Visitor: 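Pasting a structure below so you can have a look.
Since this is a predicted model, take the numbers as computed values, not measurements.
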Amino acid sequence: MSARPDLSHAPAHGATADRAPDLVLHGRKVVGGVVEAEALVTHERISGWGGIDPRTGTVIEIGHALRGQSFAGKVLVFPGAKGSSGWSAMFHTARLLKAAPAAFLFNEMTTKMALGAVVTHAPALTDFDRDPLACIETGDRVRVDAERGTVEVFKRPRAAHDGDKPA
């Protein structure tokens, strides 16, 4: 495994450096590390073999809510893996091609999910005190500190008339 710098005591970077998180979740470390990135959230499990394009990190599964969207460099928030043991191989390939998620936050621990997280070398957490699918939204900024078992969530700014639709 390649060595990652220990950022567990480093301050948050970017847009979140000067503000406190809107909420903090606590979970169990699967793979250590610290990263801050935009969240990509789905309530559907993700299939590796045939469900993603590891060259681009794009979900290609027909009928999936994230079809056509890339998880590359994002914090992937999802229930867990589905499908065959090829799941880990596809995410390992995505890592080699620099198209893997920056981190994994998931609810259901399986052997394929554990192996996928390890071979991706991305910080990963599970077994949360609150369901991340209920409180993190796509576009939120998320700081994952798997060493400490914390997820700091910085809600994305809302437009003044967010939700209003033109007549």
Side-chain angles (χ1 to χ4, degrees), residues 2 4-46 48 51-52 54 56-59 64-82 87-88 90-92 94-95 97-110 113-114 116-159 162-163:
S2 63
R4 282 190 301 265
D6 179 12
L7 301 176
S8 60
H9 303 289
H13 301 287
T16 63
D18 296 330
R19 65 184 257 221
D22 295 301
L23 61 116
V24 178
L25 285 74
H26 297 88
R28 181 173 58 85
K29 174 176 82 172
V30 178
V31 175
V34 179
V35 70
E36 182 176 321
E38 180 182 330
L40 180 64
V41 181
T42 181
H43 293 266
E44 298 177 35
R45 286 170 179 72
I46 293 179
I52 68 164
T56 61
T58 302
V59 176
H64 197 284
L66 294 183
R67 181 177 168 87
Q69 295 185 54
S70 175
F71 50 69
K74 296 182 180 173
V75 175
L76 185 57
V77 184
F78 65 125
K82 73 175 181 181
W87 200 91
S88 58
M90 297 306 284
F91 278 84
H92 174 68
R95 178 185 67 84
L97 298 173
K98 302 192 182 331
F104 292 112
L105 304 178
F106 59 95
N107 291 334
E108 183 182 309
M109 174 59 91
T110 61
M113 189 62 239
V118 168
V119 300
T120 304
H121 298 190
L125 291 168
T126 192
D127 295 339
F128 297 96
D129 58 349
R130 297 166 62 180
D131 183 357
L133 296 171
C135 51
I136 301 174
E137 299 173 279
T138 293
D140 289 346
R141 195 84 186 153
V142 180
R143 185 169 193 265
V144 178
D145 185 338
E147 301 303 329
R148 293 184 178 176
T150 60
V151 178
E152 296 177 339
V153 180
F154 301 85
K155 301 304 281 180
R156 68 177 173 215
R158 303 273 184 209
D162 201 14

Visitor: Salt bridge check: are Lys155 and Asp140 linked by an N-O gap of less than 4.0 Å?
Guide: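 Looking at Lys155 and Asp140, the cut-off is met.
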
Visitor: Do Val41 and Leu133 have side chains that approach each other closer than 4.5 Å (heavy atoms only, starting at C-beta)?
Guide: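 Of all side-chain heavy-atom pairs linking Leu133 with Val41, at least one is under 4.5 Å.
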
Visitor: How about Leu97 and Arg95: do any of their side-chain heavy atoms sit closer than 4.5 Å?
Guide: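 Side chain of Leu97 against side chain of Arg95, heavy atoms only: no contact under 4.5 Å found.
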
Visitor: Counting C-beta onward and ignoring hydrogens, is there a side-chain heavy-atom pair between Pro101 and Val75 closer than 4.5 Å?
Guide: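 No, their side chains stay 4.5 Å or more apart.
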
Visitor: For the side chain of His92 and the backbone of Trp87, is there at least one donor-acceptor N/O pair under 3.5 Å apart?
Guide: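 Side chain of His92 to backbone of Trp87: no pair is present.
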
Visitor: Side chain of Ser70, backbone of Ala72: donor and acceptor closer than 3.5 Å?
Guide: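 It does hold such a pair.
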
Visitor: Checking Lys74 now: which residues fulfil side-chain hydrogen bond (donor to acceptor under 3.5 Å, both in side chains) with it, not counting sequence neighbours?
Guide: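 Scan of Lys74 (side-chain hydrogen bond (donor to acceptor under 3.5 Å, both in side chains), adjacent residues dropped) gives none.
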
Visitor: Decide yes or no for Leu125 and Val144: does some side-chain heavy atom of the first lie under 4.5 Å from some side-chain heavy atom of the second?
Guide: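 Yes. Closest side-chain heavy atoms under 4.5 Å.
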
Visitor: Are Glu152 and Arg141 close enough for a salt bridge, meaning some N to O gap below 4.0 Å?
Guide: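 Salt bridge absent between Glu152 and Arg141.
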
Visitor: Find out whether Phe78 and Leu40 are in side-chain contact, i.e. whether some heavy atom of one side chain is under 4.5 Å from a heavy atom of the other.
Guide: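 A side-chain contact is absent here, since even the closest heavy-atom pair is not under 4.5 Å.
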
Visitor: Where is the tightest heavy-atom contact between Val142 and Ala39, given as atom of each residue plus distance?
Guide: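 Closest approach of Val142 to Ala39, heavy atoms only: CG2-CB, 3.6 Å.
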
Visitor: A side-chain contact here means heavy atoms from C-beta on lying under 4.5 Å apart; do Val151 and Pro132 qualify?
Guide: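 No - every pair of side-chain heavy atoms lies 4.5 Å or more apart.
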
Visitor: Once you round to the nearest 0.5 Å, how far does NE2 of His43 lie from CG of Leu66?
Guide: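 Going from NE2 on His43 over to CG on Leu66, the span is 10.0 Å.
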
Visitor: Which pair of heavy atoms, one from Ala122 and one from Ala102, lies closest together, and at what distance?
Guide: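 The answer is CB-O, 3.5 Å.
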
Visitor: With rounding to the nearest 0.5 angstrom, report the CZ to CG distance, Arg156 to Asp22.
Guide: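 Here the rounded value is 12.0 Å.
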
Visitor: Hey, what do you get for OG1 (Thr110) to CZ (Arg45), rounding to the nearest 0.5 Å?
Guide: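 One gets 9.0 Å once the value is rounded to the nearest 0.5 Å.
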
Visitor: Not counting sequence neighbours, which residues clear salt bridge (charged side-chain N to carboxylate O under 4.0 Å, His left out) with Arg130? List them please.
Guide: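 For Arg130 there are no salt bridge (charged side-chain N to carboxylate O under 4.0 Å, His left out) partners, ignoring immediate neighbours.
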
Visitor: With a 4.5 Å limit on heavy-atom distance, are the side chains of Phe128 and Phe106 in contact?
Guide: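 The answer is no; the side chains never approach within 4.5 Å.
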
Visitor: Checking the side chain of Asp129 only, and the main-chain atoms of His26 only, is there a donor and an acceptor separated by less than 3.5 Å?
Guide: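 Side chain of Asp129 to backbone of His26, a donor-acceptor pair under 3.5 Å: yes, one is there.
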
Visitor: Between CD1 of Ile136 and CG of Leu105, what distance do you get to the nearest 0.5 Å?
Guide: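 Reported value, rounded in 0.5 Å steps: 5.5 Å.
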
Visitor: Please enumerate all residues that pass side chain to side chain contact (heavy atoms under 4.5 Å, CB included) together with Ala65, with sequence neighbours excluded.
Guide: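 Checked Ala65 against side chain to side chain contact (heavy atoms under 4.5 Å, CB included); matches are Thr42, Glu44.
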
Visitor: Taking side chain as C-beta onward, heavy atoms only, is Leu23 less than 4.5 Å from Cys135?
Guide: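 Contact flag for Leu23/Cys135 side chains = yes.
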
Visitor: Which atoms form the tightest heavy-atom contact between Ala146 and Gly32, and what is the distance?
Guide: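 Closest approach of Ala146 to Gly32: CB-CA, 3.9 Å.
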
Visitor: Can you tell me how far CG of Asp127 sits from CD of Glu108, rounded to the nearest 0.5 angstrom?
Guide: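 Answer rounded to 0.5 Å: 11.0 Å.
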
Visitor: Can you measure from CD1 (Ile46) to CZ (Phe71) and round to the nearest 0.5 angstrom?
Guide: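 Atom-to-atom, Ile46:CD1 and Phe71:CZ are 6.5 Å apart.
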
